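Written below as structure tokens is the structure these notes are about.
Since this is a predicted model, take the numbers as computed values, not measurements.
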Amino acid sequence: MVRIGQRGPEIFPLVLGGNVFGWTAGRPASFAILDAFRAAVPAGQPIMIDTAEGYSSWVPGNDGYESERIIGEWIAARGPKHVLVATKTGGHRDHRNLDPDRVRAAIDGSLERLGVESIDLYWAHYDDEHVSLAEQVAVFGELVASGKAKRIGLSNYTPERLRAWIEEASRQEQELPIAFQPHYNLVHRNDVEDHVVPIAEEHGIGLLPYYALASGFLAGKYRERVEAGASPRAAGASKYATPQGLAIVDELERIGNAHGASVAATALAWLRAQPTVAAPIASASRAEQVADLVASATLSLTVEDLAVLDKVSTWTP
Ligand SMILES: NC(=O)c1ccc[n+]([C@@H]2O[C@H](COP(=O)([O-])OP(=O)(O)OC[C@H]3O[C@@H](n4cnc5c(N)ncnc54)[C@H](OP(=O)(O)O)[C@@H]3O)[C@@H](O)[C@H]2O)c1
């Protein structure tokens, strides 16, 4: 179990990503993935599922609310215990903004689709430069005051805007974010480590990094670049199959073998061990993949393992 930052709830240290639900995982597969995740984590330990009102609005034919709907149907069908839901506003293809009235309507829609009384962690999905930080802070504070959201977090904000958001929330004596959600993994490190982690350290904020498996590349299954493949994500994931990317996978495989762990579990264990990271967010497109995600949470890499992975993934511009 891990606490998200200094003020957040305690959760199992791997957050299940929900952007696959209604995209690479249809409803039955999504239910199987959610069942497998809840079953694999000891019953008393709270698990967190990360979704967004915009998942998966990029898929032709989708209206974009599929993931929340599927998670809501699963919660209604299974009545699972100790499940925390994190969702986001501002990233749906038809509503890519943080206009305060839209945010108020968005959380009502999410509560209804998920079938819950309160969102455990409500994220601003992207910054919106057309809405002042004073307004953003005020409306997110209002959602917590009303009980519709328990905690708030910020995703994809620049370091400058993260600092400014915190300053504005302190000035207004409003709710502070408990978490940041940046794009962070072994093939995408510099900006987060140089600029976001120091802010998180200073303010007791926890990181829940997304693309923790680099869309599947850090599961070790792409050894060369492919334009299309078994998964719709093959082209995006395999773009990391450069000599440096493959050297990282080779080290993950070697270190994982020494621990009896998969490449994917080893990559997630490295991320979990980084300063201020509370838990990586990773998804599965099939129930069989869930075991590797869960295994990462109890895999302790040695100081030497971490040093080797730090070195092989260092990138100097
Ligand atoms: N805040 C944001 O802007 C933002 C952006 C992106 C994502 N996110 C969040 O972060 C979560 C994670 O990102 P992501 O799902 O895009 O990518 P990811 O976690 O980096 O990659 C997950 C994908 O890797 C493959 N995989 C997982 N386990 C595997 C295993 N054991 N063996 C082989 N392949 C495996 C699966 O894809 P295939 O089986 O299809 O290959 C799976 O869907 C999302 O679900 C979402 O909640 C947030």
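No chain of hydrophobic side-chain contacts below 4.5 Å, direct or via other Ile, Leu, Val, Met, Phe, Trp or Tyr residues, connects Y211 to M48. If you chain together hydrophobic residues whose side chains sit under 4.5 Å apart, I199 and Y210 never meet in one group. There is a path of hydrophobic side-chain contacts, each under 4.5 Å, that joins L186 to V249. In the hydrophobic clustering of ILVMFWY residues, with side-chain heavy atoms under 4.5 Å counting as a link, V116 and L16 come out together. I47 and L84 sit in two unconnected hydrophobic clusters of ILVMFWY residues. Membership requires side-chain heavy atoms under 4.5 Å apart, directly or through other members.
Rounding to the nearest 0.5 Å gives a distance of 8.5 Å between OG of S262 and CG of L299. Q6 contributes atom CD, which lies 11.5 Å from atom OG1 of T276 (distance to the nearest 0.5 angstrom). Distance check: L133 CG to L162 CG gives 10.0 Å after rounding to the nearest 0.5 Å. Put simply, CD1 on I166 and NE2 on H203 are 4.5 Å apart, with the number rounded to the nearest 0.5 Å. Rounded to the nearest 0.5 angstrom, I70 CD1 and R113 CZ are separated by 12.5 Å. Here T266 contributes atom OG1 and L271 contributes atom CG; the two are 12.5 Å apart, rounded to the nearest 0.5 Å.
S67 contributes a side-chain N or O that, together with a main-chain N or O of G18, makes up a donor-acceptor pair within less than 3.5 Å. Side chain of R151 to main chain of L121: no donor-acceptor pair is present (N/O by atom type, distance under 3.5 Å, no hydrogens or angles). Q244 places no side-chain N or O within 3.5 Å of a backbone atom of V187 that could act as its donor or acceptor partner. Counting only distance, with no hydrogens or angles, the side chain of S155 and the backbone of A124 share no donor-acceptor pair below 3.5 Å. Here the side chain of N62 pairs no donor or acceptor atom with the backbone of G64 at under 3.5 angstrom.
Comment: R93 does not engage E53 in a salt bridge, judged by the lack of any side-chain N to carboxylate O separation of less than 4.0 angstrom. Between R104 and E142 there is a salt bridge, since at least one side-chain N of the basic residue sits less than 4.0 Å from a carboxylate O of the acidic one. Ionic pairing of D108 and K148 is present here: one or more N-O contacts between side-chain nitrogen and carboxylate oxygen are shorter than 4.0 angstrom. Taking the charged nitrogens against the carboxylate oxygens, D305 and R254 have no contact shorter than 4.0 Å, which rules out a salt bridge. Under the 4.0 Å criterion applied to side-chain N and carboxylate O atoms, E129 and R161 are not assigned as salt-bridge partners. A salt bridge does not link D128 to R96: none of the charged nitrogens lies less than 4.0 Å from a carboxylate oxygen.
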Set out, in order, the CA-CA distance, both residues' side-chain angles and the distance that settles salt bridge (Lys or Arg N to Asp or Glu O under 4.0 Å) for R78 and D35, then state yes or no.
CA-CA 9 Å; R78 304 288 198 260; D35 285 342; 2.6 Å; yes
Can you list the steps and then say if I205 with R7 is a side chain to side chain contact (heavy atoms under 4.5 Å, CB included)?
CA-CA 8 Å; I205 288 168; R7 298 175 298 276; 3.9 Å; yes
Evaluate E135 against S132 for side chain to side chain donor-acceptor pair (under 3.5 Å), listing each step before the verdict.
CA-CA 5 Å; E135 288 177 287; S132 72; 3.3 Å; yes
Worked check of side chain to side chain contact (heavy atoms under 4.5 Å, CB included) between H82 and V41
CA-CA 11 Å; H82 306 300; V41 177; over 6 Å; no
Could you go step by step and tell me if F37 and L14 meet the side chain to side chain contact (heavy atoms under 4.5 Å, CB included) rule?
CA-CA 10 Å; F37 186 47; L14 184 285; 4.2 Å; yes
Step by step, would you call D94 with R102 a salt bridge (Lys or Arg N to Asp or Glu O under 4.0 Å)?
CA-CA 11 Å; D94 299 334; R102 165 67 196 138; over 6 Å; no
Side chain to side chain donor-acceptor pair (under 3.5 Å) assessment of S313 paired with R189
CA-CA 8 Å; S313 62; R189 289 178 53 192; 2.6 Å; yes
Apply salt bridge (Lys or Arg N to Asp or Glu O under 4.0 Å) to the pair K239 and E224, showing each step before the final yes or no.
CA-CA 8 Å; K239 72 177 181 214; E224 58 188 33; over 6 Å; no
Yes or no on side chain to side chain contact (heavy atoms under 4.5 Å, CB included) for V103 and L143, after CA distance, side-chain angles and deciding distance?
CA-CA 9 Å; V103 170; L143 300 182; 3.8 Å; yes
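Looking at Y122 and E175, their side chains never bring a donor and an acceptor atom within 3.5 Å of each other. Checking N97 against Y126 by side-chain atom types alone, no donor-acceptor pair falls below 3.5 Å. When only modelled atom types and interatomic distance are considered, S110 and E68 share a side-chain donor-acceptor pair under 3.5 Å. Looking only at atom types and distance, the side chain of W123 has a donor-acceptor partner in the side chain of D50 under 3.5 Å away. A side-chain donor from one of W270 and D310 sits under 3.5 Å from a side-chain acceptor of the other.
Considering every non-hydrogen atom in both A278 and L208, the closest pair reads CB-CD2, 3.9 Å. Heavy atoms only, all atoms of each residue included: H183 and V192 are closest at O-CG2, 3.4 Å. When all heavy atoms are compared, the tightest approach of S285 to T24 is CB-OG1, 3.8 Å. In this structure, T51 and V85 approach most closely via the heavy-atom pair CG2-CG1, 4.3 Å. Pairing each heavy atom of S118 with each of G147, the nearest pair is OG-O, 2.9 Å. Nearest heavy atoms, V144 versus K150: CG1-O, 3.9 Å.
Between I49 and V15, every side-chain heavy-atom pair lies at or beyond the 4.5 Å cut-off. Between N156 and Q181, the closest side-chain pair of non-hydrogen atoms is not below 4.5 Å. Looking at heavy atoms from C-beta onward, Q289 lies out of side-chain contact with I33 at the 4.5 angstrom threshold. Under the 4.5 Å side-chain criterion, counting only non-hydrogen atoms from C-beta, L301 is in contact with I255. Here the side chains of T89 and L98 are in contact, with some heavy-atom distance below 4.5 Å. When side chains are defined from C-beta on, P275 counts as touching E201, because their heavy atoms get closer than 4.5 Å. In this structure, the side chains of S56 and F21 stay at 4.5 Å or more apart for every pair of heavy atoms. In this structure, P46 and V83 have side chains that are not in contact, with every pair of non-hydrogen atoms separated by 4.5 Å or more.
Taking the six-membered ring where the residue is Trp, Y65 and H95 present tilted rings, their angle falling between 30° and 60°. By the 30° and 60° cut-offs, the orientation of the rings of F217 relative to Y240 is tilted.
Figure legend: cation-pi geometry between R225 and Y222 absent, as NZ or CZ is not positioned both under 6.0 Å from the six-membered ring centre and within 45° of its axis.
For the side chain to side chain donor-acceptor pair (under 3.5 Å) test with Y55, the passing option among R69, E66, K88 is K88; the others fail. Screening L268, D292, N185 for a side-chain contact (heavy atoms from CB on, under 4.5 Å) with L213, the sole residue that qualifies is L268.
Surrounding CD of E112 are at most 12 heavy atoms belonging to other residues, nucleotides or ligands under 6.0 Å away.
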